[in-house]
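The structure appears right after this line, and notes come after that.
Note on naming: letters A, B, ... go to the chains in the order of the sequence lines (proteins, then strands), and numbering restarts at 1 for each one.
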Amino acid sequence: MKEHLNRTPETSRIDEIIGLIKSRNIRGLTKAISIVENDGEGKEDLLNDAFTRGSNACITIGFTGAPGTGKSTLINAIIRQYRQIGKTVGVIAVDPTSTFSGGAVLGDRIRMQEHNTDPGVFIRSLASRKALGGLSEATKFALYLYKAFAFDVIIVETLGVGQDEIDVAKYVDVTVVLLVPGYGDNIQMAKAGIMEIADIFVINKSDRPGADLLTNQVLNTVHMKPENERPPIVNTIADKDEGIKNLIEAITLIRNRTAPHWEEKYRQRISEEIRSSVFSHLNREVNHHLDEMIEEVLRSSITPIEASKRILPMIGTS
Amino acid sequence: MNNERKIRVLIAKVGCDIHERGALTLLTSLRDEGMEVIYTGRYQTPAGVAHAAASEDVDVIALSDHTGSLPIIAESVLAELKKLGAEDIKVMAGGLLTLHDVKDLEKMGVTGNCGPGTPLEVIINHIRGIFV
Ligand SMILES: Nc1nc2c(ncn2[C@@H]2O[C@H](COP(=O)(O)OP(=O)(O)OP(=O)(O)O)[C@@H](O)[C@H]2O)c(=O)[nH]1
Ligand SMILES: [Mg+2]
């Protein structure tokens with residue numbers, strides 16, 4: 001039975017894709033992302049390959065901030081710098097899915113057009129789909145596929161609007177939070193806990209009035225932290241290429257933190273990974289029994305809590 | 001689950017065409033149809049468009065042009081796609097098109113070619129039709 005299953009056309013297709021990724025062909029990478037994103041057949045094989053071959057040698061950087069703060073423009077400028085020193089760059093750019101139609105306009109790429117024909121730069125846009133503007137499961141998995149593809153630098157752009165994208169910090173080495181002067185949203189972000197996840201604060205649009213005020217406000221916030229944990233604050237004007245070198249220096253400093261810091265971070269990441277994999281299996285299994293239990297609860301023969309206790313022993317038996 | 005396969009479309013403009021309205025209208029219309037849409041912006045090269053399409057794993061490239069150059073543009077985009085091993089990506093064209101252009105395009109395998117005033121439903125149905 002297994003033998004037979006192993007020889008389905010899908011399997012050879014997955015092998016072909018893995019082969020393409022190994023030879024650093026972008027068609028392989030992008031097809032793999034689509035399969036993983038669509039929960040398609042072969043997803044686990046692709047991810048297992050990525051987990052096996054991917055290393056932490058690259059640097060992964062997450063950029064998050066309210067809509068229009070200049071994330072894509074800043075990333076564009078950063079790619080330029082990294083390319084100048086010969087580093088290959090992979091970008092995952094996430095935009096929100098429209099809750100009405102399920103469609104999305106993926107608009108980040110347009111700000112990074114100048115790198116379109118550079119073979120050392122790969123940009124893939126993703127719609128957030130399930131996740132509310134945050135780090136969807138697909139984004140996280142794409143990150144592992146990128147690592148297996150062995151870019152020197154991997155950049156993730158996510159919208160910093162809610163609790164969800166705090167997730168991004170767990171999966172990247174360095175989290176950069178963008179703030180801009182004259183935006184009420186800065187306070188929103190503070191509420192949502194975005195301020196806590198920042199390894200670096202960027203005050204972008206520093207050409208705008210109010211930049212000094214905002215810088216001081218952020219300075220006051222970070223001063224509440226112990227000195228060795230204070231995130232640096234970098235002023236940038238992304239569309240004028242200003243402050244980019246400083247930002248890269250700040251990123252490098254964080255990347256050069258000591259081994260124990262990374263060990264702790266990698267442990268957290270693996271724990272998160274195992275948990276979320278367990279939960280997604282559970283979810284699937286629970287769905288098998290859900291309809292039946294809903295009926296029972298509706299008929300008031302059992303409570304939802306009792307229903308859950310009935311489902312638990314059935315897990316893994318079907 | 002929201003994870004059903006979404007149709008991904010790249011709307012692309014090559015060369016010196018300033019007209020953007022058609023492309024932008026299509027962008028939001030396709031989103032409202034539940035598709036995931038990427039726009040290249042204006043003044044792109046065929047190589048840039050092909051590279052973007054190959055990276056994004058789109059199903060279709062919708063070329064938009066109002067300078068009467070669609071067959072030439074399509075031909076070069078197709079050639080660039082081939083170089084990248086991305087011949088599986090479909091190409092369609094919209095904008096200023098003569099009957100002669102449409103014939104030339106169809107010879108290259110570029111279908112769903114929409115002249116001025118084509119209703120949006122026709123374009124949408126063509127894209128959906130590729131996947132049935
Ligand atoms: N004045 C000024 N404008 C900037 C700066 N950086 C970016 N912009 C402009 O801000 C606008 C939004 O930039 P994007 O890079 O698209 O911002 P984003 O955060 O990626 O936006 P979303 O992905 O839609 O959330 C564009 O018009 C940029 O040109 C800056 O430093 N100063
Ligand atoms: Mg953006």
Side-chain angles (χ1 to χ4, degrees), chain A residues 17 20 23 25-40 43 90-119 121-132 136-138 142 280 283-284 287, chain B residues 1-14 20 23-59 61-62 76-77 80-89 124 127-128 131:
Chain A
I17 289 175
L20 285 172
S23 60
N25 179 313
I26 60 158
R27 288 302 281 164
L29 176 59
T30 199
K31 291 275 179 207
I33 296 169
S34 296
I35 290 171
V36 166
E37 182 179 36
N38 295 320
D39 217 359
K43 169 182 166 182
V91 180
I92 305 171
V94 187
D95 270 316
T97 292
S98 150
T99 42
F100 298 107
S101 70
V105 169
L106 307 174
D108 298 320
R109 188 181 187 98
I110 199 165
R111 307 247 178 246
M112 310 174 197
Q113 289 295 353
E114 64 175 88
H115 308 291
N116 248 355
T117 47
D118 180 348
V121 179
F122 176 83
I123 302 163
R124 166 87 191 229
S125 314
L126 290 178
S128 58
R129 300 200 184 173
K130 263 184 301 178
L132 248 176
S136 64
E137 184 138 281
S280 72
N283 235 334
R284 222 167 295 155
N287 282 340
Chain B
M1 292 287 273
N2 253 344
N3 272 3
E4 87 267 29
R5 196 184 171 294
K6 305 266 175 179
I7 297 176
R8 288 171 69 90
V9 184
L10 180 75
I11 301 176
K13 290 186 75 67
V14 170
E20 203 169 31
L24 294 178
T25 309
L26 190 61
L27 190 69
T28 48
S29 305
L30 295 183
R31 178 202 57 200
D32 294 343
E33 286 297 311
M35 300 180 196
E36 293 180 352
V37 207
I38 303 150
Y39 177 43
T40 61
R42 292 176 288 184
Y43 319 128
Q44 300 303 305
T45 62
V49 168
H51 196 266
S55 307
E56 296 286 358
D57 196 26
V58 293
D59 303 293
I61 302 174
S76 9
V77 169
E80 294 293 340
L81 283 174
K82 197 161 187 184
K83 278 191 215 162
L84 294 167
E87 304 95 313
D88 52 322
I89 297 173
I124 290 161
I127 297 176
R128 289 206 181 288
F131 302 94

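Note that CE of Met35(B) is 13.5 Å distant from OG of Ser98(A), once rounded to the nearest 0.5 Å. Atoms CD1 and CD1, on Ile38(B) and Ile123(A) in that order, are 11.0 Å from each other to the nearest 0.5 Å. Going from atom CD of Glu36(B) over to atom OG1 of Thr97(A) covers 5.5 Å, rounded to the nearest 0.5 Å.
Annotation: side chain of Asp57(B) is in contact with side chain of Arg27(A) (closest heavy-atom distance under 4.5 Å). At least one side-chain heavy atom of Ile26(A) sits under 4.5 Å from a side-chain heavy atom of Ser55(B).
Between Ala104(A) and Arg31(B), the shortest heavy-atom contact is N-CG, 3.4 Å. Between Lys6(B) and Gly102(A), the shortest heavy-atom contact is NZ-O, 2.9 Å.
Salt-bridge check for Asp88(B) with Lys31(A): passed, with a basic side-chain N closer than 4.0 Å to an acidic carboxylate O.
At a 4.5 Å heavy-atom cutoff, the contact between Phe122(A) and chain B is made by side-chain atoms alone. For Val91(A), no part lies near chain B; criterion is any non-hydrogen pair under 4.5 Å. The contact between Arg124(A) and chain B is made by backbone and side chain atoms together, counting heavy-atom distances below 4.5 Å. Residue Glu80(B) does not touch chain A at all, counting heavy-atom pairs closer than 4.5 Å. If you measure heavy-atom distances from Ser125(A) to chain B, the contacts under 4.5 Å come from both the backbone and the side chain. If you measure heavy-atom distances from Asp108(A) to chain B, you find no contacts under 4.5 Å at all.
Between the side chain of His51(B) and the main chain of Thr117(A), no donor-acceptor pair closer than 3.5 Å is present.
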Starting from the C-alpha separation in whole Å, work towards a yes-or-no answer on side-chain contact (heavy atoms from CB on, under 4.5 Å) for Tyr39(B) and Ile110(A).
-> CA-CA 7 Å; Tyr39(B) 177 43; Ile110(A) 199 165; 3.8 Å; yes

